[in-house]
Amino acid sequence: MTKDELKIKFESLQEGLSFEEGTEWLTINVDPEGFRNFALVLRNNNELHFDYLFCLTAVDWKTHLSVVYHFSSTVFRHEVVIKVKIEKANPIVDTVCDIWRTAEFHEREAYDLLGVEFVGHPDLRRLFLTPDHEGFPLRKDYEDPINMIKL
Amino acid sequence: MFLKEYFKTIYLTIRSLLKGMKTTGYYFTHQKEIITEQYPEVRPVLAERFKGEVIMPHNEANEHSCTGCQACEIACPNGTIKIVTKNEINAEGKKKKAIDTFVYHLELCTMCNLCVVACPSDAIVMANNYEHSVFDRREFTKVLNKPGSKIMEGIE
Amino acid sequence: MLEELGTNDQGDMIINIGPQHPSTHGVLHLVITLNGETIKKVEPHLGYIHRSIEKMCESLSYRQFIYVTSRMDYLSSHINNHGCALCVEKGLQIEIPARAQVIRVLMDELTRLASHLLWWGALAMDLGAFTPFFYSFREREMINELMEDTCGARLTMNYIVPGGVMMDLHPDFQRKVKEFLRLFKSKIHEYDDLVTGNIIFQNRTKGVGYISREDAISYGCTGPTGRGSGLSCDIRKLYPYEIYDQLQFDEVIETGGDSWARYKVRVGEMVQSMRIIEQLIDNIPEGEFQAKTKAVLKLPKGDFYTRVETARGELGVYIVSEGGSTPYRIKFRSPGFSNLSALDHMSRGGKIGDLMATMGTLDLVIPDIDR
Amino acid sequence: MISLEGLTTLLQTWLQNTLGEPWAFAAESVLVGIAAITLFAFLGLALVYMERKVAALMQIRLGPNRVGPKGIFQTSADTLELVMKEGLTADGADKFLFNLAPFMVMIAAMLVLAPIAFARNFQIWDLSIGVLYVAAVSSVAVIGILMAGWSSNNKYSLLGAMRSAAQIVSYELSAGLSILAIVILTGSLRISDIINSQADGWWIIKGHLPVLIAFIVFLIAVTAETNRAPFDLAEAESELTAGFHTEYSGMKFALFFLAEYVNIFIVCAIGATLFLGGWMPFHIGGWDSFNHVMDFIPSSLWFFGKTMFLIFLIMWFRWTFPRLRVDQLLNLEWKYLLPISMVNLLLVTFMAIMGWHL
Amino acid sequence: MGATSLLILTLAAIVFSAGGILVSKIFVKGSQNAQKGQAYECGVPTVGKTWLQLNVGYYLFALIFLIFDVELVFLYPWATVVKEIGWMAFLDIIIFFFILFLGFLYAHKKGALKWM
């Protein structure tokens with residue numbers, strides 16, 4: 001499906017979705033509460049069939065965090081980008097690692113570097129950093145006086 | 001039937017193993033194929049574009065073409081280059097910015113060539129030298145403009 | 001914590017493979033649970049060489065950050081640079097001159113060939129055959145010399161700049177590439193004799209490290225790992241960039257899903273890469289090798305995502321721009337990271353020796369995973 | 001080249017004439033001991049050098065070429081280095097067994113030297129059950145390996161030792177069966193009898209296909225028994241880092257290393273003795289003038305030449321093939337080598353009874 | 001030389017090994033620190049005990065080997081006299097191998113020859 005067709009399809013599936021304009025792929029902003037159900041629809045709807053999660057990351061927008069999911073379908077070859085806006089004080093979003101297995105590592109990475117807590121993840125630990133590390137390096141307010149070198 | 005398969009497996013196994021041994025045996029007997037380079041005695045032929053270190057060429061009159069514009073310093077991703085400028089009074093009596101020292105930290109350099117590309121007056125180039133080992137790491141900090149050198153005429 | 005006991009209640013042995021282990025090619029650390037010699041669980045511990053390239057890139061300009069990405073997957077550094085440059089160009093909407101496109105693709109394929117050659121030797125070494133390593137390095141050395149001629153470096157070339165390539169091709173480039181192809185073709189039968197046709201090698205890889213197509217999609221396996229499971233995932237075919245849509249080449253797909261299938265995909269890809277190089281080497285268009293760009297690049301506000309096919313799979317470059325001269329946030333979706341996540345699934349039930357074959361055919365490059 | 005032929009008898013007569021019976025025996029004992037140690041040291045240096053050169057040439061490299069002409073003193077320099085290294089013992093190791101293991105391996109290797117005939121009349125002990133003795137003593141080495149692996153308190157070592165034990169005991173069978181083929185044809189277990197029976201042609205030629213099969217089985221089995229690639233699972237470095245000798249360093253490691261090469265020499269010497277006639281020159285039954293010419297080449301040269309050829313073959317295997325997986329290794333033994341050598345033994349028996357061998 | 005040679009060779013081996021170890025003990029002045037005594041496990045401290053209960057599969061090989069090797073030893077005296085006895089020996093060995101083969105099949109069927 002093309003971007004416009006996808007948009008129509010999504011609108012028919014769920015009311016009140018907020019789409020982002022001017023992007024290459026269809027970008028949908030989703031609330032963390034409804035995200036898991038929405039993800040299940042993405043994966044299981046036969047016309048959408050987004051079976052391939054090819055990128056999962058989070059962005060620190062200083063005021064809030066947004067978790068960005070890039071989905072693709074290996075059958076229809078269409079893409080969709082889902083952005084979930086979460087609070088910085090309470091960065092909680094439901095896990096999708098039982099739907100897309102690759103999310104298990106990507107969610108651990110996002111937890112490790114940006115501090116996003118994925119509820120229901122079986123093994124949410126630090127991935128790159130040591131377990132006793134404090135702070136989340138990819139957040140904009142992260143300070144590390146020893147290891148960060150300002151040029 | 002079972003026996004036929006059994007012997008076929010043995011035959012194929014032996015054949016495939018002998019093929020492999022033929023290849024290694026070929027090289028064992030053909031010593032002209034040896035590719036070892038005996039480094040300190042035989043020096044490698046380097047490509048002319050090989051990026052070994054940044055240098056600033058000077059001509060016979062001990063002149064370089066660096067204007068001290070700091071384009072390379074800005075282009076460098078690692079802070080390898082530090083340019084200290086001074087004001088110089090040229091022949092016509094005008095004040096002009098010129099370099100005092102062009103400091104190059106070889107230990108930080110990743111040979112990405114961005115400074116050379118950024119330089120508007122082609123004052124710095126990449127040299128081929130690759131044998132950088134020294135006993136004191138402070139020797140990696142180099143001053144590229146030679147003492148007493150001046151900017152070349154006609155370069156702005 | 002079971003690890004602290006060295007064993008679990010079922011009497012299984014917990015053993016570390018890595019970080020200093022001959023077959024992990026770097027500092028990958030796997031904690032494996034063994035029952036006898038059968039693997040029950042593999043758990044990767046990462047981060048030994050994490051340099052936080054994504055954070056570094058946030059303070060570098062759009063011209064500068066490209067060189068850092070060479071250090072991710074150092075075996076396909078040129079393709080990493082290519083992906084980043086494409087993403088910047090997508091944001092700036094620059095047209096790339098035809099000559100630069102051809103040069104980029106040529107270098108991509110040479111890099112892929114070099115990477116696969118190294119993988120071939122290293123895989124044979126993991127499985128206990130030392131000699132093939134030297135043969136593949138002989139050929140790889142020729143490619144490295146080609147790179148050195150044109151780019152001035154052998155591994156981290158930093159040859160790509162936004163808008164084209166940094167320098168024009170070396171005048172000898174075409175002649176030397178043709179010479180390389182001729183030599184490589186005369187040697188390629190040795191590869192079959194020594195490894196591909198070897199019965200021990202086949203037995204070591206066939207049926208080892210199986211992953212089904214569905215699981216490969218779910219785990220996000222791309223590149224030869226995905227294609228070995230019958231998943232069509234070649235970005236060059238699916239979402240062609242540069243001039244890949246005008247080239248004649250096949251996407252090598254095997255349906256076996258085991259290490260042998262992945263091996264055959266990579267060996268097939270070497271042949272396809274040669275095919276691409278042969279098509280292009282005589283048809284490099286004349287003209288500019290770099291488009292005119294501004295001195296300071298500023299991407300418009302928004303998100304940009306590009307995908308390229310590295311030697312290991314799909315590399316995604318995701319740039320979030322706030323309109324400044326540096327990226328606000330960069331995410332690299334590295335192929336090795338997703339492929340590694342499937343390692344546990346692949347190696348369960350196999351022997352320790354199978355783990356080496358699986359890891360070898362996944363072609364893990366640790367800096368790519370740790371970034 | 002001075003021939004070793006009859007050196008022992010000469011020495012013995014000379015010693016007895018000068019010193020008298022008991023002292024001559026003591027002097028002989030010391031001489032044998034010194035000779036054995038010298039042979040050990042020399043074999044270690046020479047075979048390691050040979051291995052490195054063979055590997056290098058197959059891998060289109062030059063190999064050692066800096067220390068001495070063509071690098072021949074490279075291995076001596078390496079030995080010196082190993083001697084100068086500190087021998088570490090891991091904290092949790094069983095110190096007694098840990099230190100005993102290299103001795104076990106060395107003793108096992110040394111003892112097998114006894115019945116080997118290095119040249120005509122040059123043999124330490126020509127015992128009547130020579131072949132059985134070799135088969136028995138050579139498998140003592142596995143105890144040393146098990147000790148080393150078990151006592152190291154290292155998981156890789158333990159796995160390596162377990163693998164190597166299973167491997168060596170399995171391949172012992174088919175090696176034994178292929179040795180039996182020659183025993184049937186010769187009708188004697190004495191090494192000198194076996195060599196003398198090949199005066200009119202080596203068994204590998206006289207024995208037709210069955211002996212050839214026995215030879216190939218023997219070669220595969222001894223490669224496995226000496227833990228050589230492609231059967232080097234006990235020390236598979238890509239899996240178990242260094243297997244059973246992971247924790248060994250310095251001189252103790254050097255002893256394992258040396259024992260490995262001496263073991264290779266021994267099994268190849270046995271192979272050369274059984275199948276290729278030992279020190280017996282290349283003879284063809286009936287061609288007396290040809291045989292006479294062959295006799296001019298010293299017998300020790302024949303022996304070492306054949307042994308080196310077999311060693312070269314085993315090195316060739318190592319630098320060509322990938323390693324087998326542990327279950328495939330045992331499959332090969334139990335599904336292929338053992339049944340084949342059993343059937344082959346029947347064939348040899350049949351041939352021997354019919355008198356078809358030359 | 002006779003059986004004494006075994007004693008001499010054993011002594012030679014011990015002298016050689018002990019000599020080497022002693023020489024290195026004399027020359028090497030080692031230092032001691034906590035890391036040196038650690039077992040090697042790829043740079044990670046070994047946790048727990050290594051001497052675990054191992055899978056019984058490992059020991060099955062030893063048992064099977066024992067059975068087969070004892071049978072093999074029986075063959076040695078037989079092998080020396082095959083040519084003298086003739087066809088009777090051939091018949092013997094066929095019966096012997098048949099029984100051995102049955103045992104082998106049994107072990108194979110029980111899965112004792114599979115590596116754990």
Side-chain angles (χ1 to χ4, degrees), chain A residues 20-25 27 43 49-62 66 68 70 72-75 77 79 81 83 97-110 112-114 123 125-131 133 137-140 142 144 147-151, chain C residues 43-52 54-56 58-60 64 90 213-222 226 231-233 235 238-239 300-307 313-314 316-318 320 322 328-335 337-345 369-371:
Chain A
E20 214 165 284
E21 292 304 316
T23 53
E24 186 190 4
W25 296 318
T27 307
R43 174 68 181 84
H49 200 77
F50 284 107
D51 53 356
Y52 175 32
L53 170 67
F54 63 92
C55 188
L56 190 165
T57 188
V59 183
D60 179 11
W61 290 105
K62 292 191 176 112
S66 70
V68 186
H70 286 72
S72 170
S73 165
T74 54
V75 179
R77 299 287 171 201
E79 285 88 2
V81 183
K83 290 186 178 172
C97 72
D98 49 338
I99 312 172
W100 295 276
R101 304 288 296 273
T102 183
E104 190 174 334
F105 262 48
H106 279 96
E107 284 179 355
R108 274 179 73 183
E109 189 194 6
D112 193 1
L113 301 175
L114 283 136
D123 191 21
R125 284 180 292 138
R126 292 272 186 186
L127 182 63
F128 297 120
L129 300 167
T130 47
H133 194 90
L138 279 183
R139 286 199 181 176
K140 293 285 174 185
Y142 178 77
D144 185 343
N147 296 321
M148 270 168 83
I149 302 162
K150 288 271 186 324
L151 290 174
Chain C
E43 193 189 337
H45 286 204
L46 304 174
Y48 284 88
I49 45 168
H50 191 261
R51 296 141 295 172
S52 215
E54 291 168 13
K55 184 86 176 173
M56 278 165 78
E58 286 176 15
S59 61
L60 294 175
Q64 288 171 340
K90 187 186 255 177
R213 187 175 181 275
E214 284 67 37
D215 286 333
I217 297 169
S218 180
Y219 275 106
C221 295
T222 50
L231 168 66
S232 167
C233 56
I235 306 297
L238 297 175
Y239 312 98
K301 201 169 151 67
D303 306 356
F304 306 97
Y305 193 102
T306 51
R307 293 180 273 188
E314 173 185 333
V317 182
Y318 178 55
V320 181
E322 279 281 81
Y328 184 76
R329 167 96 171 87
I330 278 195
K331 156 84 183 171
F332 298 108
R333 183 262 185 227
S334 63
F337 188 69
S338 301
N339 291 352
L340 176 72
S341 67
L343 180 63
D344 179 37
H345 177 83
I369 296 160
D370 273 1
R371 296 191 299 288

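In what follows, every chain begins at residue 1, and chains take the letters A, B, ... in the order their sequences are listed. These figures come from a predicted structure and were not determined experimentally.
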[X] versus chain C, the contacting section by heavy-atom distance below 4.5 Å:
{"X": "A:Glu104", "answer": "neither"}
{"X": "A:Lys83", "answer": "side chain"}
{"X": "A:Ser72", "answer": "side chain"}
{"X": "A:His106", "answer": "both"}
{"X": "A:Ala58", "answer": "backbone"}

Let me confirm one number: the [atom1]-[atom2] distance from [X] to [Y], rounded to the nearest 0.5 Å.
{"X": "C:Ser338", "Y": "A:Trp100", "atom1": "OG", "atom2": "CH2", "answer": "14.5 Å"}
{"X": "A:Phe54", "Y": "C:Thr222", "atom1": "CZ", "atom2": "OG1", "answer": "11.5 Å"}
{"X": "A:Arg139", "Y": "C:Lys55", "atom1": "CZ", "atom2": "NZ", "answer": "11.0 Å"}
{"X": "A:Arg101", "Y": "C:Ser341", "atom1": "CZ", "atom2": "OG", "answer": "9.0 Å"}
{"X": "C:Leu340", "Y": "A:Thr102", "atom1": "CG", "atom2": "OG1", "answer": "10.5 Å"}
{"X": "A:Leu129", "Y": "C:Leu46", "atom1": "CG", "atom2": "CG", "answer": "11.0 Å"}

Quiz item: Which atoms form the tightest heavy-atom contact between A:Phe105 and C:Pro44, and what is the distance?
Solution: CZ-CG, 3.7 Å
Quiz item: Which pair of non-hydrogen atoms, one from A:Val59 and one from C:Val320, has the smallest distance, and what is that distance?
Solution: CG2-CG2, 4.0 Å
Self-check item: Residues which pass salt bridge (Lys or Arg N to Asp or Glu O under 4.0 Å) with A:Asp60, listed by chain and number, not counting sequence neighbours
Solution: A:Lys88
Self-check item: Reference residue A:Thr57; test side chain to side chain donor-acceptor pair (under 3.5 Å); the match among C:Lys331, C:Arg329, C:Arg333
Solution: C:Arg329
Exercise. Over 60° means perpendicular and under 30° means parallel, so classify the ring planes of A:Trp61 and C:Tyr328, tilted if in between.
Key: parallel
Exercise. If the plane angle is over 60° it's perpendicular, under 30° parallel, otherwise tilted; pick one for A:Trp25 and C:Tyr305.
Key: tilted
Among [options], who wins on heavy-atom pairs under 4.5 Å with chain A?
{"options": "C:Glu214, C:Met56, C:Glu322", "answer": "C:Glu322"}
{"options": "C:Glu58, C:Arg307, C:Glu54", "answer": "C:Arg307"}
{"options": "C:Gly316, C:Ser232, C:Ser59, C:Cys221", "answer": "C:Ser232"}
{"options": "C:Leu231, C:Ile369, C:Ile217", "answer": "C:Ile217"}
{"options": "C:Tyr48, C:Phe304, C:Tyr239", "answer": "C:Tyr239"}
{"options": "C:Cys233, C:Gly302, C:Ala342, C:Gly220", "answer": "C:Gly220"}

Practice problem: State, with a plain yes or no, whether a side-chain heavy atom of A:Tyr142 is found less than 4.5 Å away from one of C:Ser52. | Solution: no
Quiz item: Got A:Arg43 and C:Ser218 here, is their nearest side-chain heavy-atom distance under 4.5 Å?
Solution: no
Exercise. Could you tell me which of A:Asp123, A:Val81, A:Val68 has the largest number of non-hydrogen atom pairs under 4.5 Å with chain C?
Key: A:Val68
Self-check item: Largest heavy-atom contact set with chain C, pairs under 4.5 Å, which of A:Leu56, A:Leu113, A:Thr74, A:Ile99
Solution: A:Thr74
Exercise. Please state whether the side chain, the backbone, both or neither of C:Tyr219 comes within less than 4.5 Å of a heavy atom of chain A.
Key: both
Quiz item: Which bit of C:Asp303 comes within less than 4.5 Å of chain A, counting heavy atoms only: side chain, backbone, both or neither?
Solution: side chain
Quiz item: What pairs with A:His49 under ring pair (Phe, Tyr, Trp, His ring centres under 6.0 Å), at least two apart in sequence or on another chain?
Solution: none
